[in-house]
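Just so it is clear: chains get the letters A, B, ... in the order the sequence lines come, proteins before strands, and each one is counted from 1.
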Amino acid sequence: MTLPAAFYDRPVLEVAPELVGCTLAHGATAGVIVETEAYHQTEAACHAHVGLTARTHVLFGAPGTVYVYRSYGIHALVNLVCEPEGVGAAVLIRALEPLSGVGIMHERRGVGEDERLCSGPGKLTQALDIELDLNGTDAIDGPLQVGPRPPAWADVDIVTGPRIGITKAAELPWRFCAAGSRSVSRPWPPGFRPAPRAARVR
DNA sequence: CATGGGATTGACT
DNA sequence: GTCAATCCCATGC
C-alpha cells in the first residue's frame with residue numbers, strides 16, 4: 001500500500017506536512033516519517049533553483065520520484081519529488097521513528113538508542129540503506145516505498161519552524177515536525193518539546 | 001580542468 | 001561551542 005503519484009502532484013507546502021506520520025520502507029527496514037522540509041525552485045536553498053542540470057533533472061521529473069544526493073561528501077539525503085513534471089520541488093525526509101527492522105538498523109548504525117537510529121537526514125539513510133543508486137527511482141512502485149499514515153498517526157500534530165543547516169532562504173518556515181516525537185532532529189523548532197520517555201517499571 | 005561549497009554527523013574542547 | 005571527513009557537481013577560467 002503506497003501513496004499514489006497524485007499525492008505528490010500538489011504544492012510542496014501541502015505535501016510536506018502531510019508526509020509527517022506516513023511510512024517510509026526500504027527492504028526489511030521501515031519507519032514513520034516525523035520530520036520533513038519543503039524545497040521549491042523559486043527559493044535559493046533548493047537545488048532546482050539553478051535550473052535544469054545533470055544533477056537537478058530528477059527534481060523536475062514526475063511527482064513521486066525519489067531524489068537522493070550526497071551531502072558534505074559523506075551522507076546521502078533522500079527527497080520525494082512534488083508538483084507537476086517540469087516544476088523543481090521536493091520534500092526532504094529529515095527523521096523517522098523506527099518501525100521495523102530495528103535490529104538491522106542497529107547493525108548499520110552501531111550502538112545507540114532506538115530513538116537515535118533515524119533522528120537526522122543522514123542517519124535515516126544509513127539505517128535504511130538508502131544510497132545514490134535509488135536516485136530517480138519511483139516511490140510508488142520502486143524499491144523505496146512511502147505508505148499512508150497508520151491509524152495511530154492519523155491526527156498527528158505538526159510543529160512548524162525554519163529549515164535547518166541552510167544559508168539561503170533560511171527564514172522560510174518550511175520545516176514540519178511531529179509534535180512530541182523523540183526522534184525529531186536537533187535543533188528543535190521553536191515551541192517543540194519531546195514527550196517524556198515511557199515510564200519505567202520498578 | 002581546478003576550485004569551492006554544501007539540505008550533516010560525530011568526536012572533541 | 002569547534003572541526004574534520006570527503007563526494008558530487010556547478011561554476012569559472
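Between the P atom of B:dT9 and the CD1 atom of A:Ile164 lies a distance of 11 Å, rounded to the nearest Å. Straight-line distance from the CD atom of A:Glu131 to the P atom of C:dT6: 15 Å, rounded to whole Å. One can place CG of A:Leu117 at 13 Å from P of B:dT9, the figure rounded to the nearest angstrom. For the pair A:Glu37 CD and B:dG6 C1', the interatomic distance rounds to 14 Å; values are reported in whole Å. As a whole-Å value, the separation of A:Asn135 CG from C:dC9 P is 9 Å. Note: CZ (A:Arg163) to C1' (B:dG6) measures 14 Å, nearest angstrom. For the pair A:Arg186 CZ and B:dT8 C1', the computed distance is 16 Å after rounding to whole Å. Put simply, CD1 on A:Ile166 is 17 Å from P on B:dG5, counting in whole angstrom units.
Checking C:dT6 for Watson-Crick or G-U wobble geometry (two distances, each under 3.5 Å) identifies no partner in any strand.
Look at A:Thr167 and you'll find a side-chain N or O under 4.0 angstrom from OP1 or OP2 of B:dG6. Residue A:Lys123 places at least one side-chain N or O closer than 4.0 Å to OP1 or OP2 of B:dG10.
The listed nucleotides are C:dA10, B:dG6, B:dG10; the one nearest the side chain of A:Arg55 is C:dA10. Here the nucleotide nearest the side chain of A:Tyr67, chosen from B:dA7, C:dC8, B:dT9, is B:dA7. Ranking B:dG6, C:dT11, C:dA5 by closeness to the A:Ile74 side chain, first place goes to C:dA5. Ranking B:dT9, C:dA10, B:dA7 by closeness to the A:His47 side chain, first place goes to B:dA7. Comparing atom distances between the A:Thr53 side chain and each of C:dA10, B:dT9, B:dG6 picks out C:dA10 as nearest. When distances are taken from the side chain of A:Arg70 to each of B:dT8, C:dC8, C:dA10, the shortest belongs to C:dC8.
The nearest heavy atom of DNA chain B to A:Arg109 and to A:Tyr39 marks one nucleotide each, and the one closer to the 5' end goes with A:Tyr39. With the nearest nucleotide of DNA chain C identified for both A:His75 and A:Leu132, A:His75 has the one nearer the 5' end.
Taking the six-membered ring for Trp and the full ring otherwise, the centers of A:Tyr39 and A:His47 sit at least 6.0 Å from each other.
Relative ring orientation between A:Phe192 and A:Trp188 is described as tilted, the plane-to-plane angle lying within the 30° to 60° band.
Across every non-hydrogen atom of A:Cys82 and A:Arg10, the tightest pair is CB-O, 4.2 Å.
Judged by ring centres under 5.5 Å apart and planes tilted less than 30 degrees, A:Tyr72 fails to stack against the six-membered base ring of C:dA5.
Ion pairing of A:Arg182 with A:Glu113 is absent here, as no side-chain N (NZ or NE/NH1/NH2) approaches a carboxylate O to less than 4.0 Å.
Each of A:Arg94, A:Glu35, A:Met105 was compared with A:Cys118 under the side-chain contact (heavy atoms from CB on, under 4.5 Å) criterion, and only A:Met105 meets it.
A:Ser185 comes within 4.0 angstrom of nothing in the nucleic acid, heavy atoms only.
Atoms CZ and CD, on A:Arg109 and A:Gln126 in that order, are 5.0 Å from each other to the nearest 0.5 Å.
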